[in-house]
Peer 1: 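The structure's right below; bear with me while I get my questions together.
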Amino acid sequence: MKIVCVVGTRPDTIKMAPVIKKLQDDGRFIVKVLASAQHREMLDIVLRDFDITPDYDLNVMRKLQSLEDLSARLLKKIGKVIREESPDIVIVQGDTTTSFISALSAFYHKVPVAHLEAGLRTNDKYAPFPEEINRRLITHIADLHFAPTEKARDNLLREGIEKEKIFVTGNTVIDALEIALQKPCQLPVKPKGRFIILTIHRRENWGEPIERVARAIRRLLTEFPDLEVIFPMHKNPIVRNAVKPLLRVERAYLLEPLPFIPFAHLMQNSYFILTDSGGIQEEASYIGKPVLILREVTERPEVIEAGCGLLVGTDEERIIEECRKLLLYPEQYQRMAKKVKIFGDGKASERVHQVLLSYFGLRKEGVEEFKPQC
Ligand code: UD1
Ligand code: UDP
């Protein structure tokens with residue numbers, strides 16, 4: 001059986017990596033890794049982290065690429081590979097433009113599609129933009145849906161997806177995180193005391209919202225002289241240019257994107273996390289770090305319901321207020337610093353492997369689905 005696994009950006013590669021490894025270890029599959037390189041440097045970092053060498057590297061990234069140009073370049077180049085390889089299935093992850101265009105291309109060639117991290121929804125077409133629509137479109141192309149949680153499965157059922165095609169696996173990001181945390185690693189910076197991690201990159205936050213977040217951080221650093229902030233900046237110049245002038249202050253470390261392994265260790269050593277990232281919301285609850293989510297809505301309501309995360313948006317005063325609570329009141333902090341397995345248990349990639357074996361008639365037993373542990 002020939003399987004094409006498509007990756008392109010940092011998060012989809014981190015989440016696809018454990019699946020690629022599992023499938024490569026099974027001699028019954030021919031696994032081809034197709035890297036669109038929608039991200040260049042950030043993709044290469046993850047490929048090195050997991051020791052993955054793509055069979056194809058389409059090198060599509062352009063500085064400040066628009067969604068239209070990116071999509072058009074992807075469709076032609078991915079189409080060519082799918083046509084030539086003629087795989088038995090294409091696996092895509094999440095909601096990036098690479099993933100959506102790959103699903104579309106596979107559909108044009110009548111190749112079945114499996115979707116990792118299926119069923120996440122905010123029900124707001126423009127948040128996150130364009131990811132909410134990317135993932136909805138993938139859903140209606142896909143033949144197999146690997147939903148990370150029960151809620152994700154329910155979303156798919158509500159949209160009319162047949163229940164036999166949905167498998168609750170947990171999110172493969174937890175598999176990746178476990179791999180990373182098992183590897184010993186020096187911290188890339190040596191903070192003296194309590195430090196928080198900041199990441200921000202979403203389109204909804206470009207411009208004023210990012211600036212408000214940066215100003216909130218500046219004020220917190222003044223108010224708390226023992227506090228340090230570590231911000232591995234996304235490579236997007238729109239993000240970097242907005243933040244750099246505002247955060248050139250003492251105890252704010254503006255870093256290049258970190259490899260996943262040191263970043264995972266850094267998260268584990270942090271006090272709490274401020275982020276608009278999807279993946280980091282999932283990881284924070286697994287390692288028991290409170291996460292303040294710099295968005296108005298999340299497609300990961302489980303993190304809020306479990307009490308590990310809070311939607312704080314990008315209002316300067318609100319961010320300061322919520323950070324203060326965590327910094328000043330240990331009981332508030334402890335309430336959120338809970339290690340819970342709500343997004344995965346590290347076995348998602350094995351479940352994906354088993355479902356694919358069943359799909360190809362190579363396995364008869366059922367697959368035990370992921371159950372959250374709070
Ligand atoms: C993309 C995904 C988003 C995901 C995010 C993870 C889409 C539409 N968006 O958003 O879902 O959460 O990745 O980070 O698929 N750049 C570099 N080097 C890199 C990466 C990016 O220089 O390694 C710069 C380039 O100028 C590029 C720009 O960042 O044009 C934007 O990259 P793009 O992939 O279009 O969007 P992201 O905002 O990164
Ligand atoms: N991450 C990383 N290095 C960094 C920052 C983040 O490896 O410097 C990891 C993080 O642990 C998570 C993923 O990148 O697994 C999140 O990627 P991103 O925020 O770019 O995308 P999103 O999750 O929002 O789609």
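Just follow the structure's listing: the first ligand is 1, and inside any ligand the first atom is 1. Because the structure is a prediction, the values reported are computed rather than measured.
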Peer 1: Once you restrict both partners to nitrogen or oxygen, which atoms of ligand 1 have a protein partner under 3.5 Å, and how far apart are they?
Peer 2:
| residue | atom | partner | partner atom | Å |
| --- | --- | --- | --- | --- |
| ligand 1 | 9 (N) | E131 | OE2 | 3.3 |
| ligand 1 | 11 (O) | E131 | OE2 | 2.5 |
| ligand 1 | 12 (O) | R202 | NH2 | 3.0 |
| ligand 1 | 13 (O) | H39 | NE2 | 3.1 |
| ligand 1 | 14 (O) | H234 | NE2 | 2.9 |
| ligand 1 | 15 (O) | Q38 | NE2 | 2.8 |
| ligand 1 | 15 (O) | T97 | N | 2.8 |
| ligand 1 | 18 (N) | E41 | OE1 | 2.7 |
| ligand 1 | 22 (O) | K63 | NZ | 2.7 |
| ligand 1 | 23 (O) | R40 | N | 3.3 |
| ligand 1 | 23 (O) | E41 | N | 3.1 |
| ligand 1 | 23 (O) | E41 | OE1 | 3.1 |
| ligand 1 | 23 (O) | M42 | N | 2.9 |
| ligand 1 | 26 (O) | L64 | N | 2.8 |
| ligand 1 | 30 (O) | R62 | O | 2.7 |
| ligand 1 | 30 (O) | L64 | N | 2.9 |
| ligand 1 | 30 (O) | Q65 | N | 2.9 |
| ligand 1 | 34 (O) | Q38 | NE2 | 2.9 |
| ligand 1 | 34 (O) | H39 | NE2 | 3.1 |
| ligand 1 | 34 (O) | Q65 | NE2 | 3.4 |
| ligand 1 | 35 (O) | Q65 | NE2 | 2.9 |
| ligand 1 | 39 (O) | H39 | NE2 | 2.7 |
| ligand 1 | 39 (O) | H234 | NE2 | 3.1 |

Peer 1: Hey, could you give me each pair passing side-chain hydrogen bond (donor to acceptor under 3.5 Å, both in side chains) that has a residue in residues 365-374? Not counting sequence neighbours.
Peer 2: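 side-chain hydrogen bond (donor to acceptor under 3.5 Å, both in side chains) check on residues 365-374 returns R153-E369.
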Peer 1: May I ask you to say whether E117 pairs ionically with R135, meaning some side-chain N is under 4.0 Å from a carboxylate O?
Peer 2: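 So E117 does not pair with R135 through a salt bridge.
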Peer 1: Could I get the full list of ring pair (Phe, Tyr, Trp, His ring centres under 6.0 Å) partners for H39, not counting sequence neighbours?
Peer 2: H234
Peer 1: Cation-pi between R194 and Y271: NZ/CZ under 6.0 Å from ring centre and within 45° of the ring axis?
Peer 2: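 Yes, a cation-pi geometry holds between R194 and Y271.
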Peer 1: Less than 4.0 angstrom from a charged side-chain N to a carboxylate O is my criterion; do E316 and R218 meet it?
Peer 2: no
Peer 1: Taking atom types as modelled, find out whether T122 and E132 have a side-chain donor-acceptor pair closer than 3.5 angstrom.
Peer 2: yes
Peer 1: Do the side chain of K289 and the main chain of S270 share a donor and acceptor less than 3.5 angstrom apart?
Peer 2: yes
Peer 1: side-chain hydrogen bond (donor to acceptor under 3.5 Å, both in side chains) for E302 and T149? Distances and angles first, verdict last.
Peer 2: CA-CA 9 Å; E302 295 87 349; T149 64; 2.7 Å; yes
Peer 1: I need the contact residues for ligand 2: any residue with a non-hydrogen atom closer than 4.0 Å to the ligand, ordered by chain then number.
Peer 2: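 Close residues (ligand 2, cut-off 4.0 Å): R10, P11, I14, H201, R202, P232, P257, L258, F260, F263, M267, S277, G278, G279, I280, E283.
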Peer 1: Are any of the side-chain nitrogens in R324 or E317 under 4.0 Å away from the carboxylate oxygens of its partner?
Peer 2: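 No, this pair does not count.
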